[in-house]
S.K.: 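Got a structure for you, written out below as structure tokens; questions coming shortly.
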Amino acid sequence: MAEFSTNGKAVDMSVLLKHTMFKNPVLVASGTFGYGAEAKNYCDINKLGGIVTKSVSWKPRVGNYPHRIVETASGMLNSIGLANVGVHVFVGEKLPYLAEFDTQIIANIAASSVEEYRDVLEHIEANATKNLAGYEINISCPNVKDGGLSFGTSVERTAELTRALRSATDRLLIMKLTPNVTSVAPFAETVEEAGADAISLINTVVGMAVDHKTRMPRLSTVTGGLSGPAIKPIALAKVYEARKACGLPIIGIGGIVNGLDAAEFLIVGATMVQVGTANFANPHAGIDVVEELERYVHAEKIGSVRELVGSLKVDATLRAQGW
Amino acid sequence: MAEFSTNGKAVDMSVLLKHTMFKNPVLVASGTFGYGAEAKNYCDINKLGGIVTKSVSWKPRVGNYPHRIVETASGMLNSIGLANVGVHVFVGEKLPYLAEFDTQIIANIAASSVEEYRDVLEHIEANATKNLAGYEINISCPNVKDGGLSFGTSVERTAELTRALRSATDRLLIMKLTPNVTSVAPFAETVEEAGADAISLINTVVGMAVDHKTRMPRLSTVTGGLSGPAIKPIALAKVYEARKACGLPIIGIGGIVNGLDAAEFLIVGATMVQVGTANFANPHAGIDVVEELERYVHAEKIGSVRELVGSLKVDATLRAQGW
Amino acid sequence: MDYSSLAQKPLSEVTERTEITDGLVVVTFRNPYIARLARAGQFVNILPRVGAIDPLLRRPFSVYQRSGEAVSVIVQVTGRGTALIAATMPGEMLDVLGPLGQPWKADSTEREAILIIGGVGVASMPLLTEVLKSSGKRIATYYGARSEKLIARHGLEAIEVATDDGSAGFHGTNVALIDQHLSEKRFSNPKLYVCGPTGMMRAAKALAEKYDIPCELSLETEMACGIGICQGCPVVADEATFAKTGKRFRLVCTEGPSFMSNAIEL
Amino acid sequence: MDYSSLAQKPLSEVTERTEITDGLVVVTFRNPYIARLARAGQFVNILPRVGAIDPLLRRPFSVYQRSGEAVSVIVQVTGRGTALIAATMPGEMLDVLGPLGQPWKADSTEREAILIIGGVGVASMPLLTEVLKSSGKRIATYYGARSEKLIARHGLEAIEVATDDGSAGFHGTNVALIDQHLSEKRFSNPKLYVCGPTGMMRAAKALAEKYDIPCELSLETEMACGIGICQGCPVVADEATFAKTGKRFRLVCTEGPSFMSNAIEL
Ligand SMILES: Cc1cc2nc3c(=O)[nH]c(=O)nc-3n(C[C@H](O)[C@H](O)[C@H](O)COP(=O)(O)OP(=O)(O)OC[C@H]3O[C@@H](n4cnc5c(N)ncnc54)[C@H](O)[C@@H]3O)c2cc1C
Ligand SMILES: Cc1cc2nc3c(=O)[nH]c(=O)nc-3n(C[C@H](O)[C@H](O)[C@H](O)COP(=O)(O)OP(=O)(O)OC[C@H]3O[C@@H](n4cnc5c(N)ncnc54)[C@H](O)[C@@H]3O)c2cc1C
Ligand SMILES: Cc1cc2nc3c(=O)[nH]c(=O)nc-3n(C[C@H](O)[C@H](O)[C@H](O)COP(=O)(O)O)c2cc1C
Ligand SMILES: Cc1cc2nc3c(=O)[nH]c(=O)nc-3n(C[C@H](O)[C@H](O)[C@H](O)COP(=O)(O)O)c2cc1C
Ligand code: FES
Ligand code: FES
């Protein structure tokens, strides 16, 4: 960890989310890293702050018909459709496999009713492994009819779901919010009141691509979710909005490809970050982000990555504008 | 115009918006082309379908303090702050200057109250020039406190404003919608009911950038508006949503840099398009879009660009998915 | 397979660039790891521009040739990614990940191998030919192309050509030609190895059903990762597989790129 | 000024590339139009990668030198755009628009010209020197740089060097040196022409006020268009201008890049 030192002291990359310690603030995002089995050939998973697993539902889901992905300007659209092995295979095979790594595991859950969310969470809870740090609740998948977005765009249903899950676990409960709303602030407030430990944002942005040759949509579901560097400015703005709206720790996600991108999210107010799409072109991206962030913290001559969190110098800027 | 011909017949690039004929469906977007004086050195303005002028308000506005722009991945953020000459200089100098060109002019208006919108429109109406085709009403500027976004995020206020302006002109009344809402459909419906002739979308997407060296926001207003190729997938999805929600003609905007981008918007259901940010790197972009679109129409062996509008082959796709 | 040491150095120097014809280029780069491990039918994943975020994703290419530490791919320019890769000059770098996917199942028992190639589908065939030859199979290669100058004969055996424009060989599709030869009973125990455009693959699949012979198809689907972590590259599994395993889709990048024609829908 | 015929062909072939030191490169390209029209203090706007959408915007560079149909810019690498432009090799193309902006107001009446240069602010000074010489002004050049090897003397006259590290000339800032020389009354009727980092420009503006001498500053602001259509590049106008004209801001791309120091706030 401590490759660098400041004034003789090591750079401290660890962060604490409520009661849970992460060796660094960099997670890999749900749906972009598999369950570790493939990616471990390309990077030393033990160097990651943690892994957020692909959204799991009660039953296995085969996912959407092809075409599922299309590249766009500095980004991509996907419509995977929450393809996943189902919670039984998840606890039977994936969690035990992931327990071999020295990093935190966060289980991401997607479902279509409060009951299903709760059933899945309880089943995982009953089969928890030693490095299961908690849950990320996906209420923001834009690509399936019942992918939780009906929760993610309703403050009331988000509150109801958060309360129902809060009472089912003492592990970390992280609500993953969508950017596809007029304002993310009411969701951040609600989730805080309802007892979540953190929010993560953003999930993908609704987008679409068309093949001018065939005049057909380039995704089988017509619209899909936009991710990658193209959305980083949107993600930073949402994190900033959420930061002002609530006191919960925030996990920033969207377009991070290097350590400086990660630093930007921390500066705006995120406590941790997730690396998603970047893993596809570079399965080593998560580690690269950790290492560059560590170099940045070192160069900034601060002892701990935590000092970056929320260090945005915004007052002078706004004052000059008379806002 | 008719560089190409299909079966001996010329490619027809003209489009009709209600009662107004445009020589082709390509406009340059508000705030990205000045008032023609600078850009005319780089392109033959008479080849454009039309010019949408920079948002004009009752009084001149000096705009926001620097920094006003920052480049992002395949896009840019701006926070110009509706800097404009005010409606008196607009009708006194800009409109007469623009009247010299053989292309349609659409006056874009931004204001902070129904009364101001109406006053500006009436003042322009009273001083209309021969090629003034109508008005685009900006209710979607994210960069000033009173830039209309309080209208653009409220269905009721949008309806009220549309009605108030409808009764003040027989020229084209185009409402410019924001993508920064959970769903654009209710706005499209409302605007249709209230008597607008068309909708244009999208305006910029709220975004933010941070300088990791200074830890300051890179725009003086902290957040700004994201534009350019990065947002094209978002824009296409919003046009598609609006197309399903209302019967009004749509003017598609967002990330168009070439004729094939424009074709994609028409296929999804737009009747016309606007070229914005692309003008900055290439002040000839509007013409390039017209010419490439014309070549595309020719290659598709259709007689008129109008045949593209809404020609998306979506049913088979969705049926395969069981949606 | 443990990539951890080597796959972290995907930067490979281009050593040669040969234009076969306009828009069809063989690009050779130095990558000892891939050169050593790649097997016939596997692919590499190349980032169009080193260090760039646009284009964002890698492009997959079959391993076309290798010799010593050099690996070649044959690139047909179809869009901006292939245009950039095809324009890479000797001395410049490419960011290459691989070898990926499963090899051709060339160790099956049939004594005859019919290679059916459409256009740039030739890419995996020289290595396949090598393997088949070394195990003593009789090889017949049916190579369909739009015109003669698009044909890359290197490393192939017993080539019958079919061109759309009749500029060489049979005037028509290669599948029609094989159909004729199969009906003339020129083969007794053949297996089909097929790579080409979807239309040709469908015709080959139908041919295999008609004559009841095994048929392996090498597929192309859009890929975000190429290593099984995005789920972006599925092909539809046939009904029998679905009924048996509940798997509606199979991943082209890790389970493929080649599949037996009766295991998938096209 | 009518660009319509020529400015539509911004593609310019790079003919020479000279590295002054690590990260400081002179790039020369062929563009007869710009070579003919450019005046001292104007700039060109260069797209980092021909045809690419990322990086999206052009980068502004002062016209450094010209000869015949060739135009040179001096590029200091500070980010991804300048890195790409500085790496362009002879034979490759650049997409260049210009000349843009207003020239230095070198025709003012003062008999002495004090050129104050900080780092890559040297870029517009050789052409300025040419103009000043041809109108018979006495020139004194104060060139501040981090170290000696970053100094590009070409086309300058009567250079006094100041380096941060003392590796050459005066050990300190060039503004401190001029202050000393002004206080020693070495000049009787000078005008300051200044280009360099903001801190140096502020110091020069203060110096001009202290000695009550005219001072022209060449500014750098982020630009999306460079031609006056985006309103992205403002500098704050001084209170007097604001009171008189209602203009709070002035556009650096079309009204500048140089402004009299008392007309703006820094
Ligand atoms: C396993 C495999 C092996 C391949 N081997 C070769 C080869 O040896 N030689 C060769 O020339 N081509 C090969 N292809 C096809 C090649 O990958 C595509 O032509 C290329 O990705 C197109 O990129 P582009 O940027 O030029 O096109 P664009 O259309 O601009 O690409 C946009 C996106 O679509 C994807 N895409 C477009 N066409 C295809 C396609 N046919 N298959 C997969 N993805 C596609 C791209 O990867 C990219 O993500 C192979 C494809 C696969 C899946
Ligand atoms: C009128 C003018 C003349 C200039 N002349 C020269 C010159 O002759 N030689 C030289 O080396 N540099 C010159 N510069 C500065 C040069 O344009 C910037 O260094 C360059 O744009 C940075 O691009 P980047 O991609 O490397 O940096 P990045 O920081 O990656 O750029 C991101 C964005 O910020 C803008 N930006 C960043 N720094 C500056 C800056 N200092 N000024 C303006 N925009 C900036 C870029 O244009 C781009 O849009 C000049 C600037 C102006 C305005
Ligand atoms: C192919 C793909 C699959 C994804 N699957 C999931 C998922 O199953 N659950 C989830 O919560 N988010 C999913 N996401 C969203 C990412 O976790 C992340 O929020 C988003 O991609 C933005 O980050 P990025 O720009 O770094 O990719 C997926 C994203 C992609 C690109
Ligand atoms: C610098 C800049 C200034 C703009 N000013 C205005 C404006 O005054 N009024 C308005 O309605 N839209 C304005 N826009 C939004 C554009 O008209 C357009 O809707 C948006 O940029 C998306 O299109 P693009 O991606 O092609 O740029 C502005 C955009 C930019 C980049
Ligand atoms: S390409 Fe990502 S899983 Fe196959
Ligand atoms: S850079 Fe666009 S107005 Fe100056």
S.K.: Rounded to the nearest 0.5 Å, how far apart are CG of B:N279 and SG of D:C225?
M.R.: 9.5 Å
S.K.: If you apply the rule side-chain contact (heavy atoms from CB on, under 4.5 Å), what do you find for D:L56 with B:F280, and how did you get there?
M.R.: CA-CA 9 Å; D:L56 183 67; B:F280 298 154; over 6 Å; no
S.K.: So which of B:A83, B:G228, B:A73 has the largest heavy-atom pair count under 4.5 angstrom toward chain D?
M.R.: B:A73
S.K.: Taking atom NZ of D:K149 as the centre, does the number of heavy atoms from other residues, nucleotides or ligands within less than 6.0 Å exceed 12?
M.R.: no
S.K.: Where on D:I53 is there a heavy atom nearer than 4.5 Å to chain B: the side chain, the backbone, both, or neither?
M.R.: both
S.K.: Could you tell me whether D:D165 atom CG has more than 12 heavy atoms of other residues or ligands within 6.0 Å of it?
M.R.: yes
S.K.: Drop me the distance from D:Q231's CD to B:L82's CG, to the nearest 0.5 angstrom.
M.R.: 11.0 Å
S.K.: If you measure from the Lys or Arg side-chain nitrogens to the Asp or Glu carboxylate oxygens, is any gap between B:E71 and D:R80 under 4.0 Å?
M.R.: yes
S.K.: Tell me whether B:R68 forms a cation-pi arrangement with D:F249, defined as NZ or CZ under 6.0 Å from the six-membered ring centre and within 45 degrees of its axis.
M.R.: yes
S.K.: Please tell me if the side chains of D:V235 and B:P66 come closer than 4.5 Å, counting only heavy atoms from C-beta onward.
M.R.: no
S.K.: Need one label for B:T32: side chain, backbone, both or neither, based on atoms under 4.5 Å from any heavy atom in chain D.
M.R.: backbone
S.K.: Under 4.5 Å, counting heavy-atom pairs only, tell me which of D:P55, D:G232, D:G228, D:G81 racks up the most with chain B.
M.R.: D:G232
S.K.: About how many Å separate CG of B:N282 and CZ of D:R58, when rounded to the nearest 0.5 Å?
M.R.: 7.0 Å
S.K.: Between chain D and each of B:S74, B:A278, B:A230, count heavy-atom pairs under 4.5 Å; write down the option with the most.
M.R.: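 Top count of heavy-atom pairs under 4.5 Å with chain D: B:S74.
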S.K.: In sequence, state the C-alpha distance, the side-chain angles, and the governing distance for D:L57 and B:M76, and then conclude on side-chain contact (heavy atoms from CB on, under 4.5 Å).
M.R.: CA-CA 8 Å; D:L57 301 174; B:M76 65 177 278; 4.2 Å; yes
S.K.: For residues D:C230 and B:I80, report the shortest heavy-atom separation together with the two atoms involved.
M.R.: O-CD1, 3.1 Å
S.K.: Are the side chains of D:L97 and B:Y42 in touch, meaning some heavy atoms are under 4.5 Å apart?
M.R.: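 Yes, side chains in contact.
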S.K.: Tell me, with the steps shown, if B:Y65 and D:R248 meet side-chain contact (heavy atoms from CB on, under 4.5 Å).
M.R.: CA-CA 9 Å; B:Y65 269 71; D:R248 175 77 284 174; 3.8 Å; yes
S.K.: Is the number of heavy atoms from other residues, nucleotides or ligands within 6.0 Å of CZ (D:R39) greater than 12?
M.R.: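 Not more than 12 within 6.0 Å, no.
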S.K.: Rounded to the nearest 0.5 Å, what separates atom CD1 in B:I69 from atom SG in D:C233?
M.R.: 7.5 Å
S.K.: Which bit of B:T277 is near chain D, if near means a heavy-atom gap under 4.5 Å: side chain, backbone, both or neither?
M.R.: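 It is the side chain, since no backbone atom gets that close.
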S.K.: Mind listing the closest non-hydrogen atom pair of B:P283 and D:I227 along with its distance?
M.R.: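 Heavy-atom minimum between the residues: CB-CD1, 3.8 Å.
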